[in-house]
Chemist: 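Next up is a structure, given as structure tokens.
Here the structure is a predicted model, which means the values were calculated and not measured. Chain letters run A, B, ... following the sequence lines, proteins first and then strands; every chain starts at 1. Hydrogens, waters and symmetry mates are skipped; everything else that's a heavy atom, side chains included, is used.
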Protein chains: 2
Amino acid sequence: MPSMDELESRAWRGLIRVIELLPPALDAQMQRDSNLTHFEFMVLSMLRFAPDSTLRMTALAQGTNASLARLSHVCSRLEGRGLVERFDCPADRRATNVRLTAAGNEWVIAAAPGHFATARALVIDHLTPEQLASLAEITEALGLRLDPENRTLPAVESGTPTE
Amino acid sequence: MPSMDELESRAWRGLIRVIELLPPALDAQMQRDSNLTHFEFMVLSMLRFAPDSTLRMTALAQGTNASLARLSHVCSRLEGRGLVERFDCPADRRATNVRLTAAGNEWVIAAAPGHFATARALVIDHLTPEQLASLAEITEALGLRLDPENRTLPAVESGTPTE
DNA sequence: GAAGAATACTTGTAGCGTCAAGTATAACAC
DNA sequence: GTGTTATACTTGACGCTACAAGTATTCTTC
């Protein structure tokens, strides 16, 4: 029977706990201070640093670890609020581009400091440089394994090796 | 302007990635194999190891890192499926107790192996013992900070003894 | 160059979680 | 005892995400 030893169990329960508590905490701050979801903030942030503040839906979905359906809904809302705009991609007419509007740009810029402060207050400031290095290593390893359908990383290789 | 250095940024992005991807992955396996949410599985598991398979709602909420409202909804569904039953707590009539039914017990027991296998396949098997130790340390530190209203840790001070 | 397959989305529906409000009991103050 | 406050939930409405199905292009193969 597959059970866990003490160390494995501690790590697992700790991870689950963080996973249950961190997202609501991030959303709460964002909602309160900027009327945004944490995910919406990520979307706007990615656009902000993209060339011409524009990305294709697929690229944006990959960059934010989200499904296309989820992103589509979110973009509809953001578009309704005037923070982004969508237009057909001239190069590939199946695709649609999303661009940050001027209003959207101002909105992210205003939201960013609070977000970084929260990231520090909730996570970064409580870890030593060694722990930060471990966390980066660990989460990068897990990220590779967790991406089920190659949604989130540019498909550098053809396949994910399965057990 | 509070920004992040390279190491902080890697750790943060990695953590966010895991947080976005792991919960859906856990839910997907549970849903497919046992028709349960990962959270529902946690609820049933906690009850399974509680004395008399019974816990008060508050204790159960703390143990699963959830709000009382969320737990209440979930228990209603589980009760509807006959996996748990609720009854008034004789010691404190404000409180309600939740008990695992026989059917519920069988259901968790059947679901557990698949869950542990998934935990291994997605997380544990990809980490060295040192990384597991780091992860336990890190997540426990973060967990302490993340608990907003002291919901999730047993209130050691005021004491919530069962019955 | 036409059929079939793959890609890139969009949309509708259903389910789960959060928030706000409500009820009932207990504990405390005086 | 009585009034006030705190605790322990429950419930209803709303928002967000997943899933499934649908549409419109592009690619591939022959």
Chemist: For the pair made of NE2 in B/H38 and P in D/dT17, what is the distance, rounded to whole Å?
Modeler: 20 Å
Chemist: Pick the closest DNA chain C nucleotide for A/A28 and for A/C75 by heavy atoms, then say which residue is nearer the 5' end.
Modeler: A/C75
Chemist: Between D/dG15 and A/H73, counting only base atoms on the nucleotide and side-chain atoms on the residue, is there a donor-acceptor pair under 3.5 Å?
Modeler: no
Chemist: Just to confirm, is there a sub-4.0 Å distance from OP1 or OP2 of C/dT10 to any side-chain nitrogen or oxygen of A/T96?
Modeler: yes
Chemist: Do you see a donor-acceptor pair shorter than 3.5 Å between the side chains of B/R86 and B/S76?
Modeler: yes
Chemist: Is any side-chain heavy atom of A/S34 closer than 4.5 Å to a side-chain heavy atom of A/F41?
Modeler: no
Chemist: Rounded to the nearest Å, what distance is computed from the CE atom of residue A/M30 to the C1' atom of nucleotide D/dG15?
Modeler: 18 Å
Chemist: Less than 4.0 angstrom from a charged side-chain N to a carboxylate O is my criterion; do A/R120 and B/E8 meet it?
Modeler: yes
Chemist: Looking at B/R93, does any N or O in its side chain come under 4.0 Å of the phosphate oxygens OP1/OP2 on D/dA8?
Modeler: no
Chemist: Does a distance-only test, which skips hydrogens and angles, find a donor-acceptor pair under 3.5 Å between the side chain of A/R94 and the base of C/dT7?
Modeler: yes
Chemist: For a quick check of understanding: with a heavy-atom distance under 4.0 Å over all strands, which category does A/D92 fall into, base, sugar-phosphate or nothing?
Modeler: sugar-phosphate
Chemist: Starting at CZ of A/R56 and ending at P of D/dT25, how long is that distance when rounded to a whole Å?
Modeler: 14 Å
Chemist: How long is the line joining CG of B/L68 and P of D/dA6, in whole Å?
Modeler: 18 Å
Chemist: Specify the separation, in whole Å, of atom CD of B/E79 and atom P of D/dC9.
Modeler: 14 Å
Chemist: DNA chain D: B/E20 or B/M57, which has the more 5' nearest nucleotide?
Modeler: B/M57
Chemist: Measure from CD1 on B/I19 to P on D/dT17 and round the result to the nearest Å.
Modeler: 15 Å
Chemist: Do the ring planes of B/W12 and A/H38 sit parallel (below 30°), tilted (30 to 60°) or perpendicular (above 60°)?
Modeler: perpendicular
Chemist: Provide, to the nearest angstrom, the distance between the CD atom belonging to B/Q31 and the P atom belonging to D/dC19.
Modeler: 9 Å
Chemist: Decide whether A/D27 and A/Q31 meet the rule of one side-chain donor and one side-chain acceptor closer than 3.5 Å.
Modeler: no
Chemist: Can you tell which of D/dA8, C/dT11, D/dA18 lies closest to the side chain of B/P24?
Modeler: D/dA18
Chemist: Need one value for B/A69: base, sugar-phosphate or nothing, where a base atom within 4.0 Å counts as base even if backbone is also close, heavy atoms only.
Modeler: base
Chemist: Starting at atom CG of A/L71, determine the distance to atom P of C/dT11, rounded to an integer number of angstrom.
Modeler: 13 Å
Chemist: Counting side-chain heavy atoms from C-beta on, which of C/dC16, D/dT26, D/dT17 comes nearest to A/R77?
Modeler: D/dT17
Chemist: Respond yes when some side-chain nitrogen or oxygen of B/R70 is under 4.0 Å from OP1 or OP2 of C/dC19, and no when none is.
Modeler: no
Chemist: Check every atom of D/dC9, C/dT18, C/dG17 against the side chain of B/F39 and return the nucleotide holding the closest atom.
Modeler: C/dG17
Chemist: Does one side chain, of A/N65 or B/R17, offer a donor that lies under 3.5 Å from an acceptor on the other?
Modeler: yes
Chemist: Checking all strands, does A/S72 fall into the base, sugar-phosphate, or nothing category for heavy-atom contacts under 4.0 angstrom?
Modeler: base
